[in-house]
Amino acid sequence: MKNLVIALMLVLSTSAFAQELNNWQKQKLEKELTQMTEIMELNEKQVKKITKIKTAQAIDSDKIMKSVEKGTPEAKKAWQDHGREFNGQLKKVVSEEQWKAWINSQNKSKSANNKSKANTVEGLSEKTSAYIQSKGLTSYQLGKVNKEVAEMTKVMALTQEQQIKVVDVKAVQSKKSVKIMKDYPKGSAEQKEAYNKLSKDTSEGLLEATSKKQMNMWWTYRKEKKN
């Protein structure tokens, strides 16, 4: 397998077509070719043919992006025709079993991407949403923290770095809030005191994660929303 990967890299680097690709296109193409080689267990002859097909496909993709306006019916048709044409060429090079393995791999990848998007709340970057998922919260806590951080981002115009810091503060608040509910009788003076301290600690943490100006915007927003 290692020798085949080296072979495809050699074909790519020496191909007359490849001279038309920029470095980003070559890196992207090399990554996809490596995946195809591993997933479909291609032989050397197949590697060389597919390398040439994928190189031509990359060049054609570049032409489409330059010739049609993104999001138009013309662009949609161009990409559909593009996909059918090159998939047809690839299917002629591999066996039915190999092609099935590749399609299954692509479907799994799309499913994972869709799941990631589903977990991404509007207003939050995918990185921030993934970070929230990593905090070990319950489904209820995840929903609440996602909503709060998204709302704060909208009101306070948080940067990516600030979003991450705010997530840390809100995740701690969520976990400690649950602990307080379990540790103290509901409505007791001890519970009230614990909540007051948590509220103060959270405000200080948010102020440290953002800025005084941003927090004033947030507090004003919350006050107006409450009224």
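Hydrogens, waters and symmetry mates are skipped; everything else that's a heavy atom, side chains included, is used.
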Nearest non-hydrogen partners of [X] and [Y], listed with the distance:
| X | Y | answer |
| --- | --- | --- |
| Val166 | Met152 | CG1-SD, 4.0 Å |
| Ile132 | Val145 | CG2-CG1, 4.1 Å |
| Lys165 | Ala209 | CB-CB, 3.6 Å |
| Asn146 | Ser129 | OD1-OG, 4.4 Å |

Residues [X] and [Y]: side-chain donor-acceptor under 3.5 angstrom:
| X | Y | value |
| --- | --- | --- |
| Gln57 | Gln89 | no |
| Gln141 | Thr138 | yes |
| Gln163 | Tyr131 | no |
| Gln46 | Gln98 | yes |

Which value, rounded to the nearest 0.5 Å, describes the distance between [X] atom [atom1] and [Y] atom [atom2]?
| X | Y | atom1 | atom2 | result |
| --- | --- | --- | --- | --- |
| Ile103 | Met40 | CD1 | CE | 8.5 Å |
| Ile39 | Glu32 | CD1 | CD | 9.5 Å |
| Ser177 | Lys144 | OG | NZ | 6.0 Å |
| Ile180 | Gln173 | CD1 | CD | 9.0 Å |
| Ser95 | Glu97 | OG | CD | 4.5 Å |
| Thr202 | Lys200 | OG1 | NZ | 12.0 Å |

- What do the steps show when you test Arg84 against Asp81 for salt bridge (charged side-chain N to carboxylate O under 4.0 Å, His left out), and what is the final call? CA-CA 5 Å; Arg84 280 194 292 266; Asp81 293 343; 2.6 Å; yes

Side-chain heavy atoms of [X] within contact of [Y], under 4.5 Å:
| X | Y | result |
| --- | --- | --- |
| Trp102 | Gln35 | yes |
| Lys135 | Lys170 | no |
| Thr37 | Ile50 | no |
| Glu204 | Glu208 | no |
| Glu69 | Glu74 | no |
| Phe86 | Lys54 | no |
| Val178 | Met181 | yes |
| Glu224 | Thr220 | yes |

- Message: Any salt bridge linking Glu44 with Lys48? Criterion: basic side-chain nitrogen under 4.0 Å from a carboxylate oxygen.
- Response: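 Salt bridge flag = yes for Lys48 with Glu44.
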
Are [Y] and [X] connected into the same hydrophobic cluster when the rule is that any two of I, L, V, M, F, W, Y join if their side-chain heavy atoms are below 4.5 Å apart?
| X | Y | value |
| --- | --- | --- |
| Trp99 | Leu42 | yes |
| Leu198 | Leu137 | no |
| Leu158 | Leu207 | yes |
| Val155 | Val149 | yes |
| Met156 | Tyr221 | yes |

- Query: Does a sphere of radius 6.0 Å around NZ in Lys28 hold more than 12 heavy atoms from other residues, nucleotides or ligands, not counting ones at 6.0 Å or beyond?
  - Reply: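 Result for NZ/Lys28: open.
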
So, [X] side chain and [Y] main chain: donor-acceptor pair closer than 3.5 Å or not?
| X | Y | value |
| --- | --- | --- |
| Ser67 | Lys63 | yes |
| Gln162 | Thr159 | yes |
| Thr51 | Val47 | yes |

- Message: Evaluate Glu151 against Lys147 for salt bridge (charged side-chain N to carboxylate O under 4.0 Å, His left out), listing each step before the verdict.
- Response: CA-CA 6 Å; Glu151 192 173 16; Lys147 183 178 179 181; over 6 Å; no

- Message: Between Trp79 and Ser61, does the side-chain contact (heavy atoms from CB on, under 4.5 Å) criterion hold? Intermediate values first, please.
- Response: CA-CA 8 Å; Trp79 285 114; Ser61 295; 3.8 Å; yes

